[in-house]
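Starting from 1, each residue takes its place in the sequence as its number. Keep in mind that what you see is a predicted model, and the values were worked out from it rather than measured.
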Amino acid sequence: MWLCLAALVGLYYLVRWYRERQVLSHLQDKYVFITGCDSGFGHQLARQLDMRGLRVLAACLTEEGAERLRNRTSDRLETVILDVTQTESIAAAAQWVKERVGDRGLWGLVNNAGISGICLPNEWLDKQDFVDVLEVNLLGVIEVTLSLLSLVRKARGRVVNVSSVLGRVSLIGGGYGISKFGVEAFSDCLRRELSYFGVKVAIIEPGFFKTNICDEKRLWEMIKKQWNHISLEVKEVYGEKYLASCEYLMNSGESSKGPMGILRTSHASVRESYGRLGHNFSEDLTLVTDCMEHALTACHPHKRYIAGWDAKFIYFPLSYLPSFLKDTLISWNFPKPAKAL
């Protein structure tokens, strides 16, 4: 009996291995539009797909980012300036894409552009702090998708939306996690709606990677600025020790840590504030861009891709735990306010 079961499991993984390695033909004829190509995942993916021979249409926020990308790619790759928070900019970029793809349609749309915003306790923030993030990470994704959907449907192509492990587990306040939960919901219903037309939708859920969105100095400056703007009452509730814990995390001489990092320090109060589930920000962006490439070029793409070891072995399992256990683990790994009960 056990031998038969092992044989069935082995056969399942063999078939899965074979299916995952089947790649589409005529990739050189397919157009892919990628947002957020100035740096990070978008920049790496544009270069990666260009090397595979695809026709890459890369959207950058700045001309400097576009020029930097063009200098590292072939003449096939074309760039356009796009601000995903501006309807006029999205409409102009959509028309630009339409002129280039013509009757072939758009094979791939990768919604990658995003910002972190301010990731702090919600009580430290105001409405505009949330709006700034949602306009880019969620509303931008929706508007770009809707403006190009007819071209993707014409090609029976792919939509790839970049979410996050924070779209599975909400670790801290701010608009980032909210926006990624929204991307997950939008992608799920979009996948079902477009399945009738042969269009496939994939969600990428990266863990913590070292990109511009996670620049420690910039994040620490944002934290200090926000601390200076909150009320005296909120400052007393959280206390200077809470801020000191944030400062240690951002300015540690060790390798960059995620929000659940193992911290080694002689400062007992700070050491006790942070937790035991450790990981570093990964610098290997190909762990994410390989998932994106597979979603665009495989005959049988996945509906979800979990990218990064921390995502696979910490946050994915964490998302399935009972709420009381999940809350305990997360609380255990974050500093506590000065007036916590």
Exercise. Counting heavy atoms not belonging to R156, are there more than 12 under 6.0 Å from its CZ?
Worked result: no
For this session: Assess whether atom NZ of K235 is packed by more than 12 heavy atoms of other residues, nucleotides or ligands within 6.0 Å.
Result: yes
Exercise. Between the side chains of S74 and D50, does any donor sit under 3.5 Å from an acceptor?
Worked result: yes
Exercise. For S89 and D83, does a side-chain donor sit closer than 3.5 Å to a side-chain acceptor?
Worked result: no
Exercise. Side chains of T87 and E143: is there a donor and an acceptor less than 3.5 Å apart?
Worked result: yes
Problem set entry | Donor-acceptor side-chain pairing of S187 and N161 below 3.5 angstrom | yes
For this session: Please state whether the rings of Y305 and H302 are parallel, tilted or perpendicular, taking 30° and 60° as the class boundaries.
Result: parallel
Problem set entry | Output field: ring centroids W227/Y238 closer than 6.0 Å | no
Problem set entry | R304/E184 ion pair, N-O < 4.0 Å | yes
For this session: Decide whether Q48 and T289 meet the rule of one side-chain donor and one side-chain acceptor closer than 3.5 Å.
Result: yes
Exercise. Is there a donor-acceptor pair under 3.5 Å between the side chain of N112 and the backbone N or O of F41?
Worked result: no
Problem set entry | Pairing of K312 and E205 as salt bridge, 4.0 angstrom limit | no
Exercise. Which heavy atom in L171 sits nearest to a heavy atom in F208, and how many Å separate them?
Worked result: CD1-CZ, 4.3 Å
